[in-house]
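The structure under discussion appears below in the form of structure tokens.
Counting convention: from 1, in listed order, for ligands and their atoms alike.
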Amino acid sequence: MTRTMVFVSINPHKPSEVIGEYEESGAQGVEEAVARAHKAFAGWREETAMARGGALSSIADEIEQNHDEISWLVVREVGKPITEARGEASRAISILRYYAQMVLVPDGETYPASTSSKDWLVSRRYPVGVCALITPWNFPIAIPLWKMAPALGYGNTVVLKPAPQATAVACRLKEIADKHLPDGAFELVLGDADTGEPLVKHPDVAAVSFTGSLRVGQSVAREVAGRGARVQCEMGGQNPSIVLADADLDRAAKTIAYAAMGYAGQKCTATSRIIVEEPVYDDFRERIVSAVEAMEVVDPEKESCQVGPLIEEEARGAALQALEEGRGRKLTGGKPLDEEGFYLVPTLVEIEDRNSLLAKEEVFAPVSALLRASSVEEAVEIANEVRYGLAAAVFTEDLGQATQVGNRLEAGLVRVNASTAGIDYYAPFGGSKDSGIGSTREQGLAARQFYTESRTFLISP
Ligand code: NAD
């Protein structure tokens with residue numbers, strides 16, 4: 001007899017509040033969900049692109065009707081500041097509407113046939129089958145949807161395994177989507193590794209799109225590639241913001257403070273290293289400390305909240321441990337707030353040793369390291385000397401300098417005079433180096449590459 005495991009999702013601001021209690025799906029649940037998705041694929045792939053796009057639009061409409069309730073659920077389950085939670089729910093709607101239209105763009109090419117001038121040589125894109133989508137907790141509605149919308153729109157069926165900390169939001173999404181999709185097109189399995197592992201190993205899963213930590217992503221990629229299925233893993237970052245001597249220092253300090261500490265630094269694109277050119281280093285240090293200290297660390301339900309709690313006690317413990325091992329000079333923060341929730345005061349640390357843990361590894365907390373660069377060259381060298389390559393920013397008033405530096409930054413996303421944390425759902429998004437595995441990007445038209453394969457036809461009338 002198999003034992004059913006039960007887990008709970010809690011409010012990180014008020015850990016005594018249980019958001020939901022759930023049964024882990026485990027291997028048996030995965031088996032059943034994949035079987036249903038596999039069966040549904042035969043019918044869903046035959047639907048017209050218009051019908052599939054129509055279903056995405058209907059899901060968008062229903063999320064819009066429930067925008068407020070969903071935003072508050074995001075706040076309560078993952079501690080995201082309410083203003084950002086509303087933005088995420090709006091983004092989810094936009095993603096669905098975008099792919100509802102994108103499925104109508106030309107899906108292939110024609111070529112002159114070598115056999116006869118009357119023959120047609122045509123290449124078209126087709127869905128790949130059942131797609132497993134494994135997602136983190138920090139964008140509990142946008143990330144599942146930026147995978148689901150293109151996967152379903154292009155004719156695949158999906159099995160979503162959300163992070164356990166974000167189960168309630170995923171269940172609400174399923175409740176809405178089920179009304180607009182045929183049975184089995186969208187399956188949901190719950191739990192952590194004991195559910196994720198059988199899912200990625202399942203022979204009927206044709207593609208796995210994963211977003212999460214480096215450690216888990218690398219093991220998922222090995223497993224899926226080993227059995228010859230498609231895999232795409234988007235993982236963490238150690239994202240630099242470079243401040244050059246000619247930058248608008250006030251604007252840079254305010255932007256970087258939010259990029260580093262907003263949502264308690266729990267964005268994959270959060271700024272975790274601030275690299276400042278020597279002539280303005282001391283001046284900028286003062287400004288960034290003030291900007292960080294001015295940030296609102298309060299209950300995420302308050303409109304003024306900018307920082308909010310960490311997702312769980314272990315995350316805060318890991319951040320404090322990293323600060324201890326990081327060997328830096330603390331400029332501000334570094335201690336928990338005297339609150340029930342998992343708060344950590346936004347923390348800036350000045351680092352001289354470029355090999356410090358804080359300058360090399362992702363902490364995923366409101367913690368950022370300040371480093372000095374003697375020249376533009378050295379700033380780029382510091383920025384690139386980590387294994388990650390997700391997002392990077394450069395602050396300068398000189399456009400020539402911005403493009404030169406930007407071209408040399410090893411990151412999937414480069415932003416000039418803007419926060420590292422910010423992405424547009426209609427442009428390609430993904431990491432370089434160890435931040436991303438797989439040759440395709442997510443979002444925009446790039447997502448089609450992953451969720452479809454091309455087939456070339458010769459038609460000889
Ligand atoms: P995580 O790696 O702990 O979990 C991610 C998902 O993998 C969860 O659903 C989890 O249950 C599942 N999982 C865990 N073990 C597994 C296994 N053995 N097999 C299959 N699935 C398994 O990450 P997290 O804590 O949920 O999220 C935070 C991380 O996500 C950070 O590193 C952050 O940088 C990253 N992230 C990256 C992006 C991006 O687009 N690059 C976006 C958001 C978050």
Legend entry - Axial cation check for Phe186 ring with Lys174, 6.0 Å and 45° limits: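 Checked: cation-pi criterion met.
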
Inset, instruction - Fit a plane to each ring of His13 and Tyr343, take the angle between them on a 0 to 90° scale, and name the class: parallel (under 30°), tilted (30 to 60°) or perpendicular (over 60°). - result: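 The arrangement is perpendicular - the two ring planes meet at more than 60°.
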
Legend entry - Electrostatic pair Arg97:Glu64 at N-O distance under 4.0 angstrom: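 Salt bridge: yes.
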
Inset, instruction - Using the test side-chain contact (heavy atoms from CB on, under 4.5 Å), find all partners of Glu88 that sit at least two apart in sequence or belong to another chain. - result: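 For Glu88 the side-chain contact (heavy atoms from CB on, under 4.5 Å) partners, ignoring immediate neighbours, are Val74, Lys80, Phe139, Pro140, Ile141, Ala142.
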
Legend entry - salt bridge (charged side-chain N to carboxylate O under 4.0 Å, His left out) contacts touching residues 68-77 (sequence neighbours left out):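 Non-adjacent pairs meeting salt bridge (charged side-chain N to carboxylate O under 4.0 Å, His left out): Glu17-Arg76, Glu69-Arg172.
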
So what's ligand 1 close to, N/O to N/O, under 3.5 Å?
{"residue": "ligand 1", "atom": "2 (O)", "partner": "Ser213", "partner atom": "N", "Å": "2.8"}
{"residue": "ligand 1", "atom": "2 (O)", "partner": "Ser213", "partner atom": "OG", "Å": "2.5"}
{"residue": "ligand 1", "atom": "9 (O)", "partner": "Thr135", "partner atom": "O", "Å": "2.8"}
{"residue": "ligand 1", "atom": "9 (O)", "partner": "Lys161", "partner atom": "NZ", "Å": "3.0"}
{"residue": "ligand 1", "atom": "9 (O)", "partner": "Ala163", "partner atom": "N", "Å": "3.4"}
{"residue": "ligand 1", "atom": "11 (O)", "partner": "Lys161", "partner atom": "NZ", "Å": "2.8"}
{"residue": "ligand 1", "atom": "11 (O)", "partner": "Asp192", "partner atom": "OD1", "Å": "2.6"}
{"residue": "ligand 1", "atom": "18 (N)", "partner": "Glu197", "partner atom": "OE2", "Å": "3.2"}
{"residue": "ligand 1", "atom": "23 (O)", "partner": "Ser213", "partner atom": "N", "Å": "3.4"}
{"residue": "ligand 1", "atom": "25 (O)", "partner": "Trp137", "partner atom": "NE1", "Å": "3.1"}
{"residue": "ligand 1", "atom": "30 (O)", "partner": "Gly212", "partner atom": "O", "Å": "3.4"}
{"residue": "ligand 1", "atom": "32 (O)", "partner": "Glu362", "partner atom": "OE1", "Å": "2.7"}
{"residue": "ligand 1", "atom": "34 (O)", "partner": "Glu362", "partner atom": "OE2", "Å": "2.6"}
{"residue": "ligand 1", "atom": "41 (N)", "partner": "Met235", "partner atom": "O", "Å": "2.8"}

Legend entry - Phe7: ring-ring contact (aromatic ring centres under 6.0 Å, His included) partners, not counting sequence neighbours: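 Partners of Phe7 by the ring-ring contact (aromatic ring centres under 6.0 Å, His included) criterion, ordered by chain and then number, come out as Tyr22.
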
